[in-house]
Protein chains: 2
Amino acid sequence: MESFQSLFDDLERSGPVPLYFQIARRIEGAIESGMLPPGTKLDNEVKLAEDLKLSRPTVRRAIQELVTSGLLVRRRGIGTQVVHGKISRKVELSSLLDDLTRDNMNPSTVVLLHELVVPPGDVVEALDLQDSTPVLHIKRLRLTGNDPIALLENYLPPELSDISAEQLESQGLYQLLRAKGATMRVAKQRIGARAATREEGEHFGRPAGSPVLTMTRTVYDNGGRAVEFGVHAYLPEMYSFEMTLVDR
Amino acid sequence: MESFQSLFDDLERSGPVPLYFQIARRIEGAIESGMLPPGTKLDNEVKLAEDLKLSRPTVRRAIQELVTSGLLVRRRGIGTQVVHGKISRKVELSSLLDDLTRDNMNPSTVVLLHELVVPPGDVVEALDLQDSTPVLHIKRLRLTGNDPIALLENYLPPELSDISAEQLESQGLYQLLRAKGATMRVAKQRIGARAATREEGEHFGRPAGSPVLTMTRTVYDNGGRAVEFGVHAYLPEMYSFEMTLVDR
DNA sequence: TTAAACTATTTGTCAATACAATCGCACGAT
DNA sequence: ATCGTGCGATTGTATTGACAAATAGTTTAA
């Protein structure tokens, strides 16, 4: 609709951050801050490119990023609009701890188990292990304030098994893995539900058999090697998965 | 690694299907058929473009599609590889009926409720309704063979409320909506768990209070207008959500 | 009056090119 | 033997240019 050139004033044209990314971030910010309310029509790509003194493909790529993530909708002959309906953060390859920290939920972690074990069959398959070298098996209770929210069970491959229980209480697992140089590029996960075990019930302060939300996830690095295998149980009153889907 | 030029023989250069899309589909097919096993290195973009007699941006866009959907991994200086680990179909803006049909699960539908109602508050909000015009409220039981799998409750906005119970038993809701010209571009959904109500328990053949997996979804069309609002309960022994996440 | 045809606008697709950044590896210096 | 250094290979970013296709609105014709 209008011109928002001011939004794009100080683009770093020679910095390490790609131009298309800088633009995408600013538009995203403008949408989330309410400066661009739902339904707003963006300037057309040609004009935008002229205003920003950039090429059309660069502008187009920035817009594409936001279309793919569900913030914008493009229609040929019409233009580009901010999506109606409040769109929330999608499911990302992020850690529960990061999510809770970002939302100021005051998260903490209690390590319940920390041992090296010979991997059971399902873990061998999930991590695609070649032999029976012991792997690190951990079980953690995640809380927000004093309220339990999830019981997290994880297996780590031998080369990433030198993590201490103390480290796990002070930092998130993904933080630690990243610090060790693991990349975490692709994850496969399954979300389901089942009745709580007695152990889960005790930690959650609920009777055994009450419903829990479950998520099992295997994370792979750049080279396709498994980095982590996790079986998580969430207290459904406290947590659920929210996501935005876009049809392309 | 090798040359797969044969894969790309008869590209329709002047048809209505974009070239990058044709290429992406063929690579996808080659991966799923096992012709390109996990870890296989694709030819580099420049060579691929030469072989196909296309520009590099076009080839690159085809590859980009598959990277975004988690089938390929690209690394600068290294090349493009087929992702390790069997990657499954991600959560898509698809209907349960389509999924079950594709997997030969012999699905069927029983319409339990079909009525016009003045929309309750949460529905007004979800569908972003301006007045209290009655909306269609339906409740369906979805089965595979003779086994119940889900209880589906939906609300449709007034302009899409002329759908009969008979139509719903023979076709999927999304099929019907599409036939009415609705587009369904973006969806926002939440996956959680809770205890089954008495009604759910009866339909599922389980005691009330046993765990159910829940999904609430609002679907929007091109213009950002809400097309459908659904509250679904799944029998967790029969169904779960599987998805692949890619970090970009 | 109504329907068809045209037009302006805007995104979609594709090409050809240039240079930058990163990675693995071989080679060489210490 | 080990640690850098440099080089080739490959993807990442960005520009410019051209034409196609879809949409909404306007004008024209029946």
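Chain letters run A, B, ... following the sequence lines, proteins first, then strands; residues in each count from 1.
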Legend entry - Protein-to-nucleotide contact annotation, 5' to 3' order, nucleotides 17-25 of chain D [B base; S sugar-phosphate only; - none; under 4.0 Å, heavy atom]: -B--BBBS-
Contacts of [X] that satisfy salt bridge (Lys or Arg N to Asp or Glu O under 4.0 Å) - sequence neighbours left out:
{"X": "D122(B)", "result": "none"}
{"X": "R190(B)", "result": "E242(A)"}
{"X": "R56(B)", "result": "E45(B)"}

Rounded to the Å, how far apart are [X] [atom1] and [N] [atom2]?
{"X": "N44(B)", "N": "dG8(D)", "atom1": "CG", "atom2": "P", "answer": "16 Å"}
{"X": "L19(A)", "N": "dC19(C)", "atom1": "CG", "atom2": "C1'", "answer": "14 Å"}
{"X": "E45(B)", "N": "dT11(D)", "atom1": "CD", "atom2": "C1'", "answer": "5 Å"}
{"X": "L42(B)", "N": "dT10(D)", "atom1": "CG", "atom2": "P", "answer": "12 Å"}
{"X": "Q64(A)", "N": "dT11(C)", "atom1": "CD", "atom2": "P", "answer": "13 Å"}
{"X": "R74(B)", "N": "dC23(C)", "atom1": "CZ", "atom2": "P", "answer": "15 Å"}
{"X": "I63(A)", "N": "dA14(D)", "atom1": "CD1", "atom2": "P", "answer": "15 Å"}
{"X": "L72(B)", "N": "dT10(D)", "atom1": "CG", "atom2": "P", "answer": "16 Å"}

Taking only side-chain nitrogens and oxygens of [X], does any of them come within less than 4.0 Å of OP1 or OP2 of [N]?
{"X": "T58(B)", "N": "dT13(C)", "answer": "no"}
{"X": "Y20(A)", "N": "dT13(D)", "answer": "yes"}
{"X": "R61(B)", "N": "dC14(C)", "answer": "no"}
{"X": "S55(B)", "N": "dT17(C)", "answer": "no"}
{"X": "T80(B)", "N": "dT11(D)", "answer": "yes"}

Inset, instruction - For R60(A), answer base if it contacts any base atom (sugar-phosphate contacts may also be present), sugar-phosphate if it contacts only those atoms, and nothing otherwise; contact means non-hydrogen atoms under 4.0 Å. - result: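 Base contact.
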Inset, instruction - Ignoring hydrogens and angles, tell me if any N or O in the side chain of Q22(B) forms a donor-acceptor pair with the backbone of E12(B) under 3.5 Å. - result: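 It does hold such a pair.
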Legend entry - Nearest heavy-atom neighbours spanning S161(A) and L116(A):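 Reported closest heavy-atom pair: CB-CD2, 4.2 Å.
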Inset, instruction - Tell me which of G79(B) and L54(A) sits closer to the 5' end of DNA chain D, going by the nucleotide each one is nearest to. - result: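 So the residue in question is G79(B).
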Legend entry - side-chain contact (heavy atoms from CB on, under 4.5 Å) partners for S55(B), two or more places apart: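 For S55(B) the side-chain contact (heavy atoms from CB on, under 4.5 Å) partners, ignoring immediate neighbours, are P57(B), T58(B).
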Inset, instruction - Apply ring-ring contact (aromatic ring centres under 6.0 Å, His included) to Y155(B) and list each qualifying residue two or more places apart in sequence or on a separate chain. - result: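 With sequence neighbours excluded, Y155(B) shows a ring-ring contact (aromatic ring centres under 6.0 Å, His included) to H137(B), given in chain and number order.
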